[in-house]
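Here the structure is laid out as structure tokens; the discussion comes afterwards.
Quick caveat: nothing in here was measured; it's all calculated off a predicted structure.
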Amino acid sequence: MGKFVISKRKNGEFQFNLKAGNGQTILASEGYSTKAACENGVESVKKNASDDSKYERKESAGGKFHFNLKAGNNQVIGSSEMYESAAGMENGIESVKKNAPDATVEEEKE
């Protein structure tokens with residue numbers, strides 16, 4: 001089962017990572033100015049993760065693949081790592097769909 005891990009960056013911003021059951025990060029957020037805003041981001045991922053139309057599939061100039069998950073307002077709420085292949089990226093998307101809706105939320109220990 002997946003989990004969201006909320007952490008605080010050195011600059012004081014909050015971020016979350018969605019980790020799969022094996023501990024691998026499958027989605028990372030941008031920085032949020034408050035913890036409450038970060039928690040709202042987590043809820044938005046849970047709500048939007050199962051909707052395939054919310055995934056923006058991209059290919060980098062170097063030929064690697066990655067995706068963004070967007071909210072209803074078209075804001076990016078999470079981004080993936082770089083994948084070597086389109087198939088790897090699709091596996092990443094499926095992992096987010098599977099893990100995000102029921103993922104637990106915890107705070108990283110400082």
Side-chain angles (χ1 to χ4, degrees):
M1 178 149 125
K3 67 181 174 184
F4 287 95
V5 179
I6 295 175
S7 59
K8 195 169 186 179
R9 295 178 172 175
K10 290 194 185 347
N11 67 1
E13 289 184 332
F14 292 86
Q15 73 174 54
F16 64 80
N17 288 320
L18 173 59
K19 295 182 180 270
N22 64 5
Q24 182 180 3
T25 298
I26 51 178
L27 195 72
S29 76
E30 297 172 353
Y32 293 92
S33 56
T34 65
K35 186 176 166 195
C38 187
E39 289 168 340
N40 287 342
V42 167
E43 290 307 312
S44 186
V45 169
K46 287 184 170 197
K47 190 173 96 182
N48 291 287
S50 59
D51 184 347
D52 193 69
S53 70
K54 300 282 199 250
Y55 291 88
E56 177 185 41
R57 292 156 169 90
K58 303 182 92 165
E59 185 175 353
S60 72
K64 297 207 189 265
F65 298 85
H66 60 110
F67 63 87
N68 291 323
L69 175 61
K70 293 187 165 189
N73 63 3
N74 237 14
Q75 291 278 92
V76 173
I77 46 179
S79 301
S80 73
E81 63 181 11
M82 290 290 183
Y83 294 93
E84 294 295 327
S85 67
M89 175 185 67
E90 293 299 331
N91 286 342
I93 289 171
E94 289 307 311
S95 187
V96 172
K97 287 179 182 176
K98 185 177 89 182
N99 285 285
D102 301 316
T104 58
V105 181
E106 61 185 55
E107 284 187 57
E108 188 172 77
K109 308 289 183 260
E110 292 188 32

side-chain contact (heavy atoms from CB on, under 4.5 Å) partner of Glu13, chosen from Arg9, Gln15, Lys10: Arg9
Whether Phe16 and Phe4 hold their rings parallel, tilted or perpendicular, with breakpoints at 30° and 60°: perpendicular
Approximate separation, where rounding is to 0.5 Å, of Asn40 CG and Thr34 OG1: 7.5 Å
Shortest non-hydrogen contact from Gly21 toward Asn99: N-OD1, 3.9 Å
Worked verdict on Lys8 versus Glu107 for side chain to side chain contact (heavy atoms under 4.5 Å, CB included): CA-CA 9 Å; Lys8 195 169 186 179; Glu107 284 187 57; over 6 Å; no
Distance in Å, Ser29 OG paired with Ile6 CD1, rounded so as to fall on 0.5 Å steps: 8.5 Å
Spatial distance of atom OG (Ser85) from atom CG (Asn91) [nearest 0.5 Å]: 7.5 Å
Check: Ser50/Lys97 side-chain N/O donor and acceptor closer than 3.5 Å: no
Greater than 12 external heavy atoms within 6.0 Å of Lys3's NZ: no
Side-chain heavy-atom pair Val96, Tyr55 within 4.5 angstrom cut-off: yes
Heavy-atom donor-acceptor pair, Lys35 side chain to Phe14 backbone, under 3.5 Å: no
4.5 Å side-chain heavy-atom contact, Ile26 and Lys98: no
Non-hydrogen atoms of Leu27 and Leu69 that approach each other most closely: CD2-CD2, 4.0 Å
Nearest atoms (heavy-atom pairs only) where Val76 meets Lys70: CG2-CE, 4.0 Å
Stepwise side chain to side chain contact (heavy atoms under 4.5 Å, CB included) test for Glu81 and Thr25: CA-CA 8 Å; Glu81 63 181 11; Thr25 298; over 6 Å; no
Pair Lys58-Asn68, side chain to side chain contact (heavy atoms under 4.5 Å, CB included): steps then yes or no: CA-CA 8 Å; Lys58 303 182 92 165; Asn68 291 323; 3.7 Å; yes
Pairwise distance CD1(Ile93) to CZ(Phe65) - rounded to 0.5 angstrom: 11.5 Å
Under 3.5 Å: donor-acceptor pair, side chain of Asn22, backbone of Gln24: yes
Gap between atom CD of Glu30 and atom SG of Cys38 - 0.5 Å precision: 11.5 Å
Residue pair Ser53 / Asp51: nearest heavy atoms and the distance that separates them: OG-OD1, 2.7 Å
Nearest-0.5 Å distance, NE2 of residue His66 to CD of residue Glu59: 8.5 Å
Heavy-atom pair with the smallest gap, counting every atom of Gly72 and Asn48: N-OD1, 4.0 Å
